[in-house]
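Read the numbers this way: they start at 1 and go in the same order the structure lists the ligands and their atoms. What's counted below: heavy atoms across the whole structure, side chains too, no hydrogens, waters or symmetry copies.
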Amino acid sequence: VSGSNAVGTGTGVLGDTKSLNTTLSSGVYYLQDNTRGSGIFTYDMSGYSFFPDFFLPGSLWKDSDNVLNAAKDKAAVDAHYYAGVTYDYYKNVFGRNSYDNKGAAIKSSVHYSSNYNNAFWNGSQMVYGDGDGTNFISFSGGIDVVGHELTHAVTEKSSNLVYQNESGALNESLSDIFGTLIEFYNGKNPDFEIGEDIYTPGTAGDALRSMSDPTKYGYPDNYSNRYTGTSDNGGVHTNSSIINKAAYLMSEGGTQYGVTVPAIGRDKMGAIFYRANTVYLTSNATFSQARAAAVQSAADLYGAGSAEVNAVNKAFDAVGVQ
Ligand SMILES: O=C(O)[C@H](CCc1ccccc1)CC1(C(=O)N[C@@H](Cc2c[nH]c3ccccc23)C(=O)O)CCCC1
Ligand SMILES: [Ca+2]
Ligand SMILES: [Ca+2]
Ligand SMILES: [Zn+2]
């Protein structure tokens with residue numbers, strides 16, 4: 001909508017208060033943030049569940065008084081706010097202006113379908129379900145989930161890794177890696193777990209995946225244990241854990257299968273994977289090619305004989321990827 005910039009307040013999925021960039025138009029406030037790129041727009045799908053995709057994005061979220069503290073507001077508040085944090089991360093850390101580096105408008109829809117236990121990037125926008133309330137709560141309540149989804153858009157505009165088999169697992173891992181780095185950038189209860197804030201509200205301390213110990217949830221932490229079947233596009237959400245573990249080891253250090261990896265920290269790990277995604281990886285990249293891309297990226301950034309290059313090699317050794 002066309003109108004004037006406003007700042008509202010809202011309550012998020014976890015009950016936390018945050019300020020929101022909104023737009024005032026004809027006496028109505030909209031979740032339209034004009035301060036970032038071509039804007040961040042958050043829409044309402046109202047739980048409509050009959051062929052919902054046909055109705056995306058839904059209607060631009062409107063509010064009467066710029067105070068979004070009702071129960072149905074929470075998912076919209078977090079989708080809007082965390083999209084802004086994700087925009088800020090890519091802009092401030094890598095100088096990237098939105099997911100296309102050309103300031104593309106960022107669109108999110110919440111209350112997708114009914115009891116929808118997932119979230120996704122559909123090629124044009126982010127879409128969030130509310131969960132069934134037992135297995136999941138509203139997916140936009142997880143900043144690592146929001147960062148994960150928007151990173152699919154970054155990857156699409158960069159390496160464009162094909163969403164199946166090893167390239168698909170790399171695609172998935174990049175989304176978990178940057179979803180996590182965005183969670184650390186935001187600074188609230190950051191961890192190397194995925195989806196912990198929106199998974200099983202009745203159970204504390206669990207998550208969808210763990211980058212620090214994928215085996216906690218039955219996922220592989222080495223190439224020899226990779227899934228080679230066809231479900232989930234060839235196990236893209238399973239084999240991603242192998243690369244996730246390598247990224248974790250690079251960042252935090254550690255030893256597995258007799259290989260010790262020295263820590264280089266989150267920021268350098270992020271810089272290496274960002275350069276790999278935007279400069280070296282091609283759409284059909286294998287895990288082995290990802291190792292080469294990460295090594296080359298580290299060499300470009302820190303020098304051929306650097307401790308960073310050594311850490312990258314050791315990390316991929318530790319997960320059995322040559
Ligand atoms: O973006 C993605 O990779 C996932 C998108 C999945 C999807 C793809 C196509 C159409 C609909 C949904 C969504 C997320 C995901 O990892 N989903 C996993 C785990 C999962 C979420 N809800 C589930 C319900 C049942 C089983 C598994 C799941 C999956 O779809 O496998 C990413 C972060 C959290 C949710
Ligand atoms: Ca997390
Ligand atoms: Ca839980
Ligand atoms: Zn994903």
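- Note that atom 9 (C) of ligand 1 has no protein non-hydrogen atoms nearby, at separations under 4.0 angstrom.
- A donor-acceptor pair shorter than 3.5 Å can be found between the side chains of Thr23 and Asn34.
- Sorting the N, O or S atoms of His148 by how far they are from the Zn ion (ligand 4) puts NE2 first.
- Of the candidates Ala207, Ala119, Gly129, the one placing a heavy atom closest to atom 13 (C) of ligand 1 is Ala119.
- Protein heavy atoms are absent from the 4.0 Å sphere centred on atom 25 (C) of ligand 1.
- The Zn ion (ligand 4) lies closest to atom OE2 when only the N/O/S atoms of Glu172 are considered.
- Of all atoms in ligand 1, numbered sequentially from 1 with element shown, those under 4.0 Å from a heavy atom of His152 are 1 (O), 2 (C), 3 (O).
- Taking the six-membered ring where the residue is Trp, Tyr116 and Tyr112 present perpendicular rings, their angle passing 60° and hence far from 30°.
- Thr22 has its side chain out of reach of Asp63: every pair of non-hydrogen atoms, C-beta onward, lies at least 4.5 Å apart.
- If you look at His152 and Phe120, their ring centroids are not closer than 6.0 Å.
- In terms of polar-atom proximity, Asp232 is not counted as a contact of ligand 1, lacking any N or O under 3.5 Å from an N or O of the ligand.
- Ligand 1 has Tyr163 within reach: a non-hydrogen atom of the residue lies less than 4.0 Å from it.
- Annotation: cation-pi pair Arg291/Phe316 absent, no NZ/CZ under 6.0 Å from the ring centroid and within 45° of its normal.
- Only the side chain of Leu208 comes within 4.0 Å of ligand 1, counting heavy atoms alone; its backbone N, CA, C and O stay farther away.
- Short contacts between ligand 1 and Tyr116, defined as distances under 4.0 Å to a heavy atom of the residue, involve ligand atoms 11 (C), 12 (C).
- Ligand 1 lies nowhere less than 4.0 angstrom from a heavy atom belonging to Trp121.
- Listed by atom number, the atoms of ligand 1 under 4.0 Å from Glu149 heavy atoms are 1 (O), 2 (C), 13 (C), 14 (C), 32 (C).
- Counting atoms of ligand 1 from 1 in the listed order, those under 4.0 Å from a heavy atom of Asn117 are 21 (C), 22 (N), 23 (C), 24 (C).
- Between the O atom of Thr203 and the OG1 atom of Thr200, the angle taken at the Ca ion (ligand 3) works out to 100° after rounding to 10°.
- Checking only distances, Asn118 does come within under 3.5 Å of ligand 1, N or O to N or O.
- Taking backbone and side chain together, His152 holds an N, O or S atom under 2.8 Å from the Zn ion (ligand 4).
- Partner Ser159 forms a side chain to side chain donor-acceptor pair (under 3.5 Å) with one of Asn284, Asn171, Asn277 and no other, that one being Asn277.
- Protein heavy atoms are found inside the 4.0 Å sphere centred on atom 35 (C) of ligand 1.
- Between the Ca ion (ligand 3) and the N, O or S atoms of Asp206, the shortest distance is to OD1.
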